[in-house]
Novice: 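After the structure tokens below, expect a handful of questions from me.
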Amino acid sequence: MHDLKSLRLDAEPLRLSQRKRRADESVVDRLLALDEEHRACQTTIDNLRAKRNESSKAIGALKKAGEDASEQMESVRKIGEEIKTAEERMTACDNERGELLLTIPNILDGSVPDGADEESNILVRDSGTPPELGFEAKAHDDLGVALDILDFERAARLTGARFVVLKGYGAKLERALQNFFLDQNSSRGYTEVLPPTMVNRETMTANGNLPKFEEDLFGVNFKDYFLIPTAEVPLTNLYRSEILEKDQLPKYLTAYTPCFRAEAGAAGKDTRGIIRQHQFSKVELVKIVEPDTSFDELEKMVADAENLLQKLELPYRVMQLCSGDTGFNAAKTYDIEVWFPSQGKYREISSCSNCTDFQARRGMLRYRPEVGGNTAFPHTLNGSGLPIGRTLAAIIENYQQADGSLRVPKVLQPYLGTEVIA
RNA sequence: GGAGGGAUGGCUGAGUGGCUGAAAGCACCUCUUUGCUAAAGAGACGUACCGGUUUAAACCGGUACCGAGGGUUCGAAUCCCUCUCCCUCCGCCA
């Protein structure tokens, strides 16, 4: 959500950002027009209310003195009617303004390169040329099924497409990765959190998933709750509506949760394997920090995610997203992509974003830069650290051997109690 | 699921129609004095929006907010309705 006050002074940064995103620029003018009308209404109403308050007090005094006040009462009643009319107009303005404000994406950081889509993303660094396997790489799903650690058919029977059952070492690998990620993140200063997997509409709105992206979410019956698409949602909302003291920042949070995504726009994409599922598990990283530090904190968060891939010895590269590929909430995003030998390409495994004060505003999450001073909005950041499903797929593919067995990454061996899965 | 009780400022807690943006205490902040891991006294002390003014901060005026939304009334923290959450007891349950 945007700061109307600063938009009134200078809407050019938002206009520029909308252009760079290839998004509608006219919403900015509409927003400013509505805002002006809203403020005019409010001034009118404030003045009427001031008049009413004054008159009401006078009536109270008259009555106390035992005098007749019916004339004054009648005139105040009329003021009340005027107020009601003006309020209806203001509410209409407010609703449209609010709706618009909730659907305009964050302002891109100046460092974001211009471009329409992922073709224009920029390579920041990589872990070197991926090693050759020395034989033809099999796809992770074929290998997983053959090893009986992935089961798509029975998952389809239980639920439907885009679900998987993990069995034996598949299930154990999930648990090993969960523990490994959380242990690593904890050791790097993140506090482990176990939040609810379902959240209400306010939480989804503050995070930026609603009102615009409802079709991507799974709702639940009987309650206006939603299954979370990522732990980012409960974590960025953990302190919603609160005023934090300066010494409570920065907050570093990490959580393992199931994630649910409707994948409404992904028909036909990644239909094989466990790259794109309706349900998957993920360990998420979230930071709540002071504004001056947020871009440095983003770099550090990317390093935290990279640390996991380095320890797993998986080939990866870091990309900076261009303007057209940067998401709704984000001012700046790095994607980390991991190597998939069977596809001969890198696939996204982590997305780390600085959302600046965009989400904090939506959730009225504030802090006090100085004791006793005014409140300000902190910046929020999120990143995957890491998704279990895609990591599992990457491990299967990169650690496969010619005979169809898998080596187990060194760092996972203590968790798993074996060096080979065959 | 049934019965009952609650929700007030950072915290504790008064307050059943106008004098309450809200007593009192604690915490925090500033100042004074005495001084050694502290005490006493004085003062300040919610959030948001609109307007004035300002380079800005501060400041001044107004409005709204006592869980949320709606209603009654000239006027509501106070009365009525709906909802949410919390607590106690019973039932059920991983």
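By convention in this document, chain letters (A, B, ...) are assigned in the order of the sequence lines, proteins followed by strands, and residues within each chain are numbered from 1. Only heavy atoms go into these numbers, but all of them, side chains included; no hydrogens, no water, no symmetry mates.
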Novice: Taking pairing as Watson-Crick or G-U wobble with both contacts under 3.5 Å, can you name the mate of B:U88, or confirm there isn't one?
Specialist: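 Looking at the geometry, B:U88 pairs with B:A3.
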Novice: State the pairing partner of B:C11; accept Watson-Crick or G-U wobble contacts with both distances under 3.5 Å, and report none otherwise.
Specialist: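 Pairing partner, where one exists within any strand: B:G25.
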Novice: A:I275 versus A:R390: any side-chain heavy-atom pair under 4.5 Å?
Specialist: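 A side-chain contact exists here, since the closest heavy-atom pair is under 4.5 Å.
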Novice: Please give the distance between the P atoms of B:C81 and B:C89 as a whole number of Å.
Specialist: 28 Å
Novice: Side-chain N or O of A:R52 less than 4.0 angstrom from OP1 or OP2 on B:A76?
Specialist: no
Novice: For RNA chain B, whose closest nucleotide is more 5', that of A:R97 or that of A:R49?
Specialist: A:R97
Novice: Determine whether A:L412 and A:F180 satisfy the following criterion, side chain to side chain contact (heavy atoms under 4.5 Å, CB included), listing intermediate values before the conclusion.
Specialist: CA-CA 7 Å; A:L412 295 183; A:F180 171 66; 3.8 Å; yes
Novice: Does the side chain of A:H278 come within less than 4.5 Å of A:F218's, by heavy atoms?
Specialist: yes
Novice: Indicate, with a heavy-atom threshold strictly under 4.0 Å, whether A:F377 touches base, sugar-phosphate, or nothing.
Specialist: nothing
Novice: Looking only at atom C1', what distance separates B:C65 and B:A76, rounded to whole Å?
Specialist: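 Those two atoms are separated by 13 Å.
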Novice: Given atom NZ of A:K78 and atom P of B:U73, what is their separation to the nearest angstrom?
Specialist: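 In whole Å, B:U73 P and A:K78 NZ are 17 Å from each other.
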Novice: Across all strands shown, which nucleotide pairs with B:U72 by Watson-Crick or G-U wobble geometry, both distances under 3.5 Å?
Specialist: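 Result: none.
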Novice: Distance between the C1' atoms of B:A58 and B:C66, in whole angstroms?
Specialist: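 Roughly 29 Å separates the two C1' atoms.
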Novice: Any donor and acceptor pair, going by atom type alone, linking the side chain of A:D357 with main-chain N or O of A:P378 inside 3.5 Å?
Specialist: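 Judged by distance alone, no pair lies under 3.5 Å.
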Novice: Quote, to the nearest angstrom, the C1' distance that separates B:C19 from B:A77.
Specialist: 16 Å
Novice: Who is the Watson-Crick or G-U wobble partner of B:C66, with both distances under 3.5 Å?
Specialist: none
Novice: Taking the six-membered ring for Trp and the single ring otherwise, decide whether the centroids of A:F328 and A:F358 are under 6.0 Å apart.
Specialist: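 So the answer is yes for these two rings.
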Novice: Between B:U53 and B:A38, how far apart are the two C1' atoms, rounded to whole Å?
Specialist: 46 Å
Novice: What contact category does A:T43 fall into here, base, sugar-phosphate, or nothing, at under 4.0 angstrom with non-hydrogen atoms?
Specialist: sugar-phosphate
Novice: Ignoring backbone atoms, establish whether A:N47 has a side-chain N or O less than 4.0 Å from OP1 or OP2 of B:G61.
Specialist: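 Answer no for this pair, as no side-chain N or O of A:N47 is under 4.0 Å from OP1 or OP2.
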Novice: Determine the sole option in A:R22, A:R21, A:K20 for which the salt bridge (Lys or Arg N to Asp or Glu O under 4.0 Å) test with A:D114 is passed.
Specialist: A:R22
Novice: Which nucleotide, if any, forms a Watson-Crick or G-U wobble pair with B:A77, using both distances under 3.5 Å?
Specialist: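 Pairing partner, where one exists within any strand: none, as none qualifies.
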Novice: Looking across every strand, which nucleic acid part, if any, lies under 4.0 Å from A:R8 by heavy atom: base, sugar-phosphate, or nothing?
Specialist: sugar-phosphate
Novice: Just the rounded figure in Å: distance from C1' of B:G52 to CZ of A:R39.
Specialist: 14 Å
Novice: Using whole Å, report how far NZ of A:K84 lies from C1' of B:G70.
Specialist: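 Computing the A:K84:NZ to B:G70:C1' distance gives 10 Å.
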Novice: Give the rounded distance in Å between these two atoms: CE of A:M364 and P of B:C65.
Specialist: 16 Å
Novice: In whole angstrom, what separates A:K63's NZ from B:G17's C1'?
Specialist: 11 Å
Novice: Closest-nucleotide mapping onto RNA chain B: is A:S56 or A:Q42 further toward the 5' terminus? I mean the 5' end.
Specialist: A:S56
Novice: Would you mind reading off the distance between A:D46 atom CG and B:U63 atom P, rounded to a whole angstrom?
Specialist: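 These atoms are roughly 8 Å apart.
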Novice: Return a table of donor-acceptor pairs under 3.5 angstrom between the side chains of residues 257-266 of chain A and protein atoms on other chains or two or more places apart.
Specialist:
unit_1, atom_1, unit_2, atom_2, d
A:R261, NE, A:P229, O, 2.9
A:R261, NH2, A:P229, O, 3.0
A:E263, OE1, A:R276, NH1, 3.3

Novice: Pick the C1' atom in B:G43 and in B:U47, then give their distance to the nearest Å.
Specialist: 23 Å
Novice: What distance, rounded to whole Å, do you find between the two P atoms, one in B:A14 and one in B:A24?
Specialist: 15 Å
Novice: Between B:U78 and B:U73, how many Å separate the two P atoms, rounded to a whole number?
Specialist: 16 Å
Novice: With a 3.5 angstrom cut-off on both distances, give the Watson-Crick or G-U wobble partner of B:C93, or none if there isn't one.
Specialist: none
Novice: Round to the nearest Å and state the distance from A:K5 atom NZ to B:C50 atom C1'.
Specialist: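 Spelled out: NZ on A:K5 to C1' on B:C50 is 10 Å.
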Novice: When the distance from CG of A:L48 to P of B:C74 is rounded to whole Å, what number comes out?
Specialist: 17 Å
Novice: If B:C36 has a Watson-Crick or G-U wobble mate with both distances under 3.5 Å, name it; if not, just say none.
Specialist: none
